[in-house]
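Notes follow once the structure below has been shown.
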Amino acid sequence: MNTPLSCRSFVLTTVLMLTFTALAQEEERDLQFVPVVGGRSGVGAPSMRGGGNLTLPFFDDFASPTFAGEGGPEELVRWSDGSARRTMTYAIDPPTIGTATLDGLRSNGYPYVFNPESYGWADTLTSVPINLAGRTPEDNIHLVFFYQGGGRGNAPDENDSLVVEFLAPDGGDELGWSQVWSAMGAEMDTFALASVPVDQLIHLQDGFRFRFRNHGAQGGNVDLWHIDYVLLDDNIDPDNLGFFEVAFVDPRHALTKPYSIMPWSHFLSDPLTYMRDSMETQHRNMSAFQADNVTCGLKIRNAVTEATEDFLNPFSNTFVAPFEVFQTPYYVQTGANGVVPSGYAFSDAGNDTAATFEVSLYEDAIGILEQERVGVPDNDSIVFIQSFRNEYAYDDGTAEKAYGLTTGGGKLAVRYDLAVPDTLYGLAIHFTPYYNEQSNLNFLLRAWADDNGAPGEELGDNYLFHQPAYFTDGHDVFAYYEYDDPVPVEETVHVGLVQEMEFSLNIGLDKNTDYNFTRVHYQLGLGAEWVLSTIPGTVMIRPVLRAGVDDVFVSIEDMGLVAPEAEAFQVWPNPAREQLTLLWSGVERPIRWQILDLSGRVWDNGRWALGSDRMILAVADVPRGMALVVIETADGRRTTRRIALH
């Protein structure tokens, strides 16, 4: 929402501090929404195409899909490459909701180089061409932007840097770039304001472009820089800036609690119990003058039935002081019908086993269904999808940091209070790329009954080794790991893993939610006591249940989960009597095989035949019963299959 205010000097204050807590052997590792342009933004007229390129002003606050390839409206595209990414949760107290984040990950979510010693140029964020033909240094054209190092994620070191480069169109894309600004790495919990003049004639041409680049570690979700509120315009006095805006600052991700995701059939057992009573949103007046009568609302749309409910918030911020950061409360279950929900709960999904709702919190009637640009939210709205599917989750789906134990045999357990009895099939786990590729480290899945809030008796037998998996399908992808056999569960269950080695597995740690202290336990080796986590955040481990789905493994694909190397290793027949065929279709070459009993004792082993994709093993003399077949590849990764010998 914008207010008709005049320019005054701009001051930005921040109110949020982040404290990191780490203990020995339990460790925290550092690791969507239309830009307000033109008369609405107070920064000039809308950017127009001239000579095929944009004209001034150029503006983006990263609240909407403005990267090429994101699928947003073509007229909103401001960036020609997208190795950087738009994020909503990584920065601390940004000017407005949404930032561009540069780190050590490619655009597909995979590190540039999975090596802790690798440093160099990483992400790039390049503007589309801009027409500055006919402009002169006297036009006072400046590039203005806010930036922050680290935020809630891993901060860049002092030898890392963020740079801005300008393109002289006559020099071409190979030779025309020159560095015009830089900042050294630092851990920042506030945003700094930068202003760079565009006053050289080689830049004042049609086809001018600018870009942000970060130099630092290339090993994953590390050395983060956040950029927000980028403005390129004329007649700018860097010492006397004014921004005419009241906008959201931070996102929200669920109307339910404590779970952000839960099975639909479980939710329906007691809907009001799992709905929030109320919630708050944070806003900022970016102007030097007061804003009056800032009103908000809440919209909920059923994605299947398309039924829409719109609730006006009775709380109106009648007086908002200059530069003020303020909160707006929303009723969810208590209030007056027609104004705010009264005893509201999601219902009528149009499906017995899953449900999807589109939720929008908006300022002054601008939301997901009622906007100047239909279907594209801006910084006047918070839009999220509330999903109900066959998993439970506390986290919001983003890993700002990494969590791990540094003890061989260490156990990690996350507590879930189930609404109804069900069958546990597997775990969805996000392993965040953080310097070291840990895909050669083994862990076993575990499930425990509850013992007065802590893990108790172990449920089921799980002997199959698993390894952390990393993907090129995007950021924050969850891998699906299946229990050896389905596990009946009810009431309270603790799910997690036991790791083989003393190295951290780098499980995703969501810093925008905080359920570790009451729901995450760890145990540092055999015979040690279970201890509650003291690291703020939420470990990203989710139980996957049957939840009324006939084919749970088809639904896994619908959930966007990936079973790592599910078909790379095949074994038949199973059960086997006299011989066993092993087929390997993975990328890395296998070097050896083993047959183990369930206690880990080696029954048989050998070298894999060079150049072959299969082995036929004689197993008539191997003891009868359940066994494990293990394949080790040249890169040290082990893959396991469970078989029966009879």
Side-chain angles (χ1 to χ4, degrees), residues 18 20-22 26-32 84-92 99-112 114 122-123 150-156 217 219-226 250-251 253-254 259-261 384 391-405 412 414 427-439 441 443 468-481 496-497 504-516 519-520 522 533 535-543 559-562 564:
L18 185 63
F20 301 108
T21 305
E26 181 199 29
E27 63 178 6
E28 166 186 311
R29 308 193 71 182
D30 291 334
L31 278 178
Q32 300 205 19
R85 52 177 165 153
R86 288 191 311 109
T87 63
M88 298 290 159
T89 63
Y90 280 77
I92 296 176
T99 61
T101 296
L102 291 79
D103 53 26
L105 294 170
R106 300 176 185 272
S107 59
N108 62 7
Y110 201 80
Y112 285 92
F114 229 144
D123 281 350
R152 293 187 177 96
N154 174 257
N221 192 17
V222 294
D223 288 352
L224 275 61
W225 292 95
H226 312 291
D250 290 324
H253 66 279
Y259 304 116
S260 57
I261 302 172
F384 62 86
E391 62 180 319
Y392 276 88
Y394 297 117
D395 63 88
D396 68 3
T398 60
E400 288 77 23
K401 294 272 184 90
Y403 177 95
L405 303 178
L412 179 64
V414 186
L427 298 182
I429 307 176
H430 171 60
F431 292 98
T432 194
Y434 184 85
Y435 286 124
N436 296 296
E437 183 178 8
Q438 308 292 43
S439 56
L441 299 182
F443 64 89
Y470 308 97
F471 303 99
T472 57
D473 303 278
H475 300 83
D476 299 310
V477 177
F478 280 77
Y480 174 67
Y481 297 93
L497 52 85
S504 171
L505 296 178
N506 295 335
I507 300 169
L509 180 64
D510 173 25
K511 297 295 292 184
N512 300 288
T513 59
D514 189 7
Y515 289 98
N516 281 0
R519 291 171 174 83
V520 172
Y522 65 93
S533 174
I535 292 178
T538 300
V539 173
M540 297 170 71
I541 297 178
R542 304 170 172 179
M559 292 160 60
L561 303 179
V562 181

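Position 1 is the first residue of the sequence, and the numbers go up from there. Keep in mind it's a predicted model, so treat the numbers as computed, not measured.
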Note to self: Would you say that Asp510 contacts Glu400 through its side chain, given a criterion of any heavy-atom pair below 4.5 Å between the two side chains?
What the structure shows: yes
Notebook entry, point to check: Are any of the side-chain heavy atoms of Thr513 and His253 separated by less than 4.5 Å?
Noted result: yes
Notebook entry, point to check: Is any side-chain heavy atom of Leu505 closer than 4.5 Å to a side-chain heavy atom of Leu497?
Noted result: yes
Check: Excluding sequence neighbours, so at least two apart, what forms side-chain hydrogen bond (donor to acceptor under 3.5 Å, both in side chains) with Arg519?
Finding: Tyr394
Next item on the list: Please list, chain by chain and in numerical order, all residues satisfying side-chain hydrogen bond (donor to acceptor under 3.5 Å, both in side chains) with Ser107, sequence neighbours excluded.
Entry: none
Next item on the list: Evaluate the side-chain proximity of Asn516 to Leu509: yes if any heavy-atom separation is below 4.5 Å, no if none is.
Entry: yes
Notebook entry, point to check: Where the side chain of Ser533 meets the backbone of Ile535, is there a donor-acceptor pair that is under 3.5 Å apart?
Noted result: yes
Note to self: Test of understanding: with salt bridge (Lys or Arg N to Asp or Glu O under 4.0 Å), list the residues that count as partners of Arg106, not counting sequence neighbours.
What the structure shows: none
Next item on the list: Evaluate the side-chain proximity of Tyr90 to Arg85: yes if any heavy-atom separation is below 4.5 Å, no if none is.
Entry: yes
Next item on the list: Measure the CD1-OG1 distance between Ile507 and Thr538 for me, rounded to the nearest 0.5 Å.
Entry: 13.0 Å
Next item on the list: Using a 4.5 Å cut-off on heavy atoms from C-beta on, say whether the side chain of Leu412 contacts that of Ile541.
Entry: yes
Check: Where the side chain of Asp476 meets the backbone of Ala399, is there a donor-acceptor pair that is under 3.5 Å apart?
Finding: yes
Check: Is the distance between the ring centroids of Tyr403 and Tyr522 under 6.0 Å?
Finding: no
Margin query: To the closest 0.5 Å, what do you measure between NZ (Lys401) and CG (Asn221)?
Written below: 10.5 Å
Next item on the list: Tell me, please, which residues at least two apart from Tyr112 pass ring-ring contact (aromatic ring centres under 6.0 Å, His included).
Entry: none
Notebook entry, point to check: Just by modelled atom types, is the Thr398 backbone N or O under 3.5 Å from a matching donor or acceptor in the Asp396 side chain?
Noted result: yes
Check: When the ring planes of Tyr259 and Tyr392 are compared, do they come out parallel, tilted or perpendicular, using 30° and 60° as the limits?
Finding: perpendicular
Note to self: My understanding is that only residues two or more places apart in sequence, or in another chain, count here; which of them pass side-chain hydrogen bond (donor to acceptor under 3.5 Å, both in side chains) with Ser260?
What the structure shows: none
Next item on the list: State whether the side chain of Thr87 and the backbone N or O of Thr89 hold a donor-acceptor pair below 3.5 Å, judged by distance alone.
Entry: no
Item checked: Heavy-atom side-chain contact between Leu105 and Pro433 under 4.5 Å -> yes
Next item on the list: Tell me, please, which residues at least two apart from Asp395 pass salt bridge (Lys or Arg N to Asp or Glu O under 4.0 Å).
Entry: Arg542
Checklist line | Side-chain heavy-atom pair Thr101, Trp225 within 4.5 angstrom cut-off | finding: no
Margin query: Main chain of Asp103, side chain of Asp123: is a donor-acceptor contact present, judged purely on distance under 3.5 Å?
Written below: yes
Checklist line | Ala479 versus Ala469, closest heavy-atom pair with distance | finding: CB-CB, 4.2 Å
Checklist line | Backbone N/O of Gly537 and side chain of Asp514: donor-acceptor pair under 3.5 Å | finding: yes
Checklist line | Parallel, tilted or perpendicular: rings of Phe443 and Tyr481 (30°, 60°) | finding: perpendicular
Check: Under 3.5 Å, side chain of His475 to main-chain N/O of Asn108, donor-acceptor pair present?
Finding: no
Checklist line | Nearest-0.5 Å distance, CG of residue Leu427 to CD of residue Glu391 | finding: 11.0 Å
Check: Looking only at atom types and distance, does a side-chain atom of Arg152 sit under 3.5 Å from a main-chain N or O of Asn512, one as donor and one as acceptor?
Finding: no
